There are 4 protein chains.
Amino acid sequence: MLNRVILIGRLTKDPELRYTPSGVAVTQFTIAVDRPFTSQGGEREADFIPVVTWRQLAETCANYLRKGRLTAVEGRIQVRNYENNEGKRVYVTEVIADNVRFLESNREGGAGGGGQREETPFGGSGSGGGNTGRSNNFSRGNQNDPFSDDGKPIDISDDDLPF
Amino acid sequence: MLNRVILIGRLTKDPELRYTPSGVAVTQFTIAVDRPFTSQGGEREADFIPVVTWRQLAETCANYLRKGRLTAVEGRIQVRNYENNEGKRVYVTEVIADNVRFLESNREGGAGGGGQREETPFGGSGSGGGNTGRSNNFSRGNQNDPFSDDGKPIDISDDDLPF
Amino acid sequence: MLNRVILIGRLTKDPELRYTPSGVAVTQFTIAVDRPFTSQGGEREADFIPVVTWRQLAETCANYLRKGRLTAVEGRIQVRNYENNEGKRVYVTEVIADNVRFLESNREGGAGGGGQREETPFGGSGSGGGNTGRSNNFSRGNQNDPFSDDGKPIDISDDDLPF
Amino acid sequence: MLNRVILIGRLTKDPELRYTPSGVAVTQFTIAVDRPFTSQGGEREADFIPVVTWRQLAETCANYLRKGRLTAVEGRIQVRNYENNEGKRVYVTEVIADNVRFLESNREGGAGGGGQREETPFGGSGSGGGNTGRSNNFSRGNQNDPFSDDGKPIDISDDDLPF
DNA sequence: TTTT
DNA sequence: TTTT
């Protein structure tokens with residue numbers, strides 16, 4: 001009935017932009033959130049939490065987030081499940097974000113490097129809003145469709161569309 | 001750096017109280033949280049989210065929560081992992097709660113039935129506070145220790161203590 | 001940059017539905033949220049937090065919420081200010097809700113009584129969505145416009161529209 | 001029953017550390033949180049939200065936060081009221097924080113300037129925890145007690161202690 | 001493996 | 001001015 005998550009942490013890798021078969025943008029990334037205490041052994045620990053964004057927000061994240069960036073994520077916990085290739089049901093827990101805030105601009109710190117896409121965010125993020133279907137900034141041929149040729153089991157489909 | 005979750009939903013089963021080898025109370029339950037939209041097929045869907053509480057709060061939850069009860073949970077997302085009996089790393093995502101609110105008193109509705117424990121909450125919940133170690137309301141012999149004889153791989157240990 | 005509030009408490013009064021001059025629905029109510037501790041003197045205390053909802057959500061709240069009902073509110077803190085009739089700047093802090101959950105159906109407990117409007121919610125609430133402008137369930141003449149004739153300084157206007 | 005706020009914004013001024021008559025540390029500051037939309041006129045707007053921290057956390061905030069710093073605040077909304085010198089009841093809404101995260105270290109950007117206190121945070125913040133009473137990092141004579149000689153009406157007292 |  |  002109510003399901004709200006707020007996280008602040010750092011991306012463990014550059015985000016991955018994909019499209020569902022019907023052409024809806026999805027971006028996945030993981031954020032490392034330091035725990036507020038140390039383990040028995042005294043080491044700093046973190047939770048590595050998978051985040052999914054859809055549509056316009058997916059494209060903004062793919063464009064401006066990079067490995068190492070401090071980021072705030074707001075969304076809901078989703079538990080989906082699918083049958084894997086051994087016929088076993090697998091449960092996947094993710095945060096479906098509807099609001100993402102870039103807490104570090106592209107100049108400062110971060111793992112930086114190799115940004116082959118835009119260099120400047122245009123002011124934070126949106127909130128899930130706007131255009132349904134595929135943005136035309138992102139042309140897509142069959143060849144580079146991550147949902148048909150990346151070898152891994154396809155585990156995000158149009159059925160997973162959250163709205 | 002910041003990790004906050006708030007959920008409102010219903011318990012899918014009575015909660016399960018256990019103790020770690022060193023005697024710390026842990027209670028696990030799952031809450032079903034209806035999604036704010038229906039699926040393509042038009043059915044209501046829900047996320048089934050595992051919740052863990054520790055110490056005093058674990059005992060309060062075990063005493064007063066029951067299957068079907070509407071409940072608010074506040075906590076953080078934790079992703080732990082362990083190696084299963086086939087040597088494969090398994091990831092488990094849970095909400096570690098530090099605040100649980102009973103939104104339905106024991107009188108009204110609910111699945112009711114068979115409450116062999118207390119019948120009245122004494123005013124909501126605490127917030128993780130208080131006594132370390134084991135409460136003496138809960139005697140425990142070796143025989144009924146869920147961590148040594150329930151047949152399933154032991155997947156919660158003192159190493160998982162969150163504070 | 002991020003502003004999120006979640007409250008669970010009880011309405012101190014029936015909600016008040018009004019319309020801005022241009023006809024947008026606004027509902028205001030106050031929820032009493034018990035503090036998690038008692039005062040020095042040992043009394044239970046509560047915070048009385050003003051909540052504002054707009055448009056479709058305003059109408060749903062006006063229809064289904066009543067004094068005493070347990071309610072969950074999700075939104076953002078807003079601090080607006082205006083000049084009062086003595087020329088002094090007054091600051092008003094409110095929660096602008098975009099999600100409201102009715103945690104008690106109309107049957108159970110509550111202050112009940114005098115419900116001259118609908119008796120059954122149709123499943124929770126929405127989330128700010130939908131129709132701009134005025135719903136036609138709510139006819140409104142100049143005479144009963146709370147924004148032109150209630151004697152009090154008009155302190156909500158179209159300028160306060162949050163989206 | 002549940003009251004949770006999470007904010008990310010920038011301090012409008014350096015924080016103010018004070019002590020209650022019995023010597024408990026309190027720090028107040030305001031954070032400016034940009035709204036997620038622009039006003040009718042198209043200007044960026046912000047909410048200016050007063051924040052209060054107590055005890056150990058108050059001292060950490062006073063030491064490390066400065067005007068302009070990007071900061072995450074977690075806490076609860078509190079509405080207190082007092083009678084002013086004209087005998088009128090005044091309502092004050094504040095966020096009582098139990099967790100504060102410094103999202104910008106002291107090197108980068110910010111309004112910088114004139115930091116006459118420590119230059120390096122020792123790793124974020126705590127969470128309200130720890131020592132009751134006054135830390136001995138902060139010597140205090142009668143003369144510089146902000147609660148006895150600052151001329152302004154004393155509006156925070158030991159009665160406001162949240163725990 | 002799921003709740004109302 | 002406040003709710004159970």
Side-chain angles (χ1 to χ4, degrees), chain A residues 1-3 78-81 83 88-91 93, chain B residues 7-16 28-35 38 43-51 65-73 92 101-113 120-124 152, chain C residues 7-16 28-35 38 43-51 65-73 92 101-113 120-124 152, chain D residues 1-3 78-81 83 88-91 93:
Chain A
M1 258 184 129
L2 190 149
N3 182 336
Q78 181 173 271
V79 183
R80 59 190 172 87
N81 63 79
E83 202 158 288
K88 245 186 70 180
R89 192 136 295 268
V90 179
Y91 291 84
T93 303
Chain B
L7 305 172
I8 299 180
R10 295 183 182 277
L11 289 234
T12 61
K13 291 190 183 155
D14 285 3
E16 285 183 56
Q28 293 179 290
F29 54 88
T30 295
I31 81 168
V33 183
D34 291 330
R35 295 195 183 153
T38 54
E43 314 112 48
R44 281 215 132 285
E45 286 183 290
D47 291 290
F48 297 94
I49 301 173
V51 177
L65 285 178
R66 287 294 173 277
K67 179 179 175 176
R69 294 278 163 73
L70 191 66
T71 305
V73 165
V92 181
R101 295 286 148 187
F102 310 146
L103 302 177
E104 283 177 355
S105 74
N106 286 7
R107 256 120 262 166
E108 347 158 6
T120 9
F122 57 94
K152 288 186 267 172
Chain C
L7 304 172
I8 301 180
R10 295 183 183 278
L11 288 234
T12 62
K13 292 188 184 157
D14 285 4
E16 284 182 59
Q28 292 181 290
F29 54 88
T30 294
I31 81 168
V33 183
D34 291 329
R35 293 193 183 154
T38 55
E43 314 112 48
R44 278 215 134 288
E45 287 183 289
D47 291 291
F48 297 94
I49 302 173
V51 177
L65 284 178
R66 287 293 171 278
K67 179 178 174 177
R69 295 277 164 74
L70 191 66
T71 306
V73 166
V92 181
R101 294 285 148 189
F102 310 145
L103 303 177
E104 282 176 356
S105 73
N106 285 8
R107 257 119 262 169
E108 345 159 7
T120 9
F122 57 93
K152 288 186 270 174
Chain D
M1 260 183 127
L2 190 149
N3 182 337
Q78 181 173 270
V79 183
R80 59 188 173 87
N81 62 81
E83 202 157 288
K88 245 185 71 179
R89 193 136 296 269
V90 180
Y91 291 84
T93 304

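Since the model is a prediction, treat every value here as computed from it, not as a measurement.
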How many Å lie between CD on C/Glu104 and C1' on F/dT3, as a whole number?
11 Å
Atom pair distance, as rounded to whole Å: CG in C/Leu103 and C1' in E/dT4:
13 Å
Quick one, B/Leu103 and B/Ile8 - any side-chain contact, counting heavy atoms below 4.5 Å?
yes
Against the side chain of B/Ala46, the closest entry in E/dT3, F/dT3, F/dT2 is E/dT3
Minimum-distance nucleotide to B/Thr30 side chain [options: F/dT4, E/dT2, E/dT3]:
E/dT2
Check B/Leu70 against A/Met1 and note the closest heavy-atom contact, atom names and distance.
CD1-SD, 4.0 Å
Rounded distance (Å) that lies between atom P of F/dT4 and atom CZ of C/Phe48
10 Å
Interatomic distance, A/Leu2 CG vs E/dT3 P [rounded to whole Å]:
21 Å
Go through E/dT2, F/dT3, F/dT1 for me and flag the one nearest to the C/Lys67 side chain.
F/dT3
Please determine, for the side chain of B/Asp34, which listed nucleotide (F/dT4, F/dT2, E/dT4) has the closest atom?
E/dT4
Which listed nucleotide (E/dT2, F/dT3, E/dT3) is nearest to the side chain of A/Tyr91?
E/dT2
Which atom names give the shortest non-hydrogen contact between C/Phe48 and C/Ala32, and what distance separates them?
CE2-CB, 3.6 Å
Sorted by chain and number, sequence neighbours left out, salt bridge (charged side-chain N to carboxylate O under 4.0 Å, His left out) with D/Glu83 holds for D/Arg89
Please report, rounded to the nearest Å, how far the P atom of E/dT2 is from the CZ atom of B/Arg35.
14 Å
Rounded to the Å, how far apart are A/Met1 CE and E/dT3 C1'?
12 Å
Nearest of F/dT3, E/dT3, E/dT1 to any side-chain atom of B/Ala32?
E/dT3
C/Lys13 NZ to F/dT1 P: how many Å, rounded?
11 Å
Under the side chain to side chain contact (heavy atoms under 4.5 Å, CB included) test, residues paired with B/Asp47 that sit two or more places apart:
A/Asn3, A/Arg76, A/Gln78, A/Val79, B/Arg35, B/Ile49
In whole angstrom, give the distance that lies between atom CZ of C/Phe102 and atom C1' of F/dT3.
17 Å
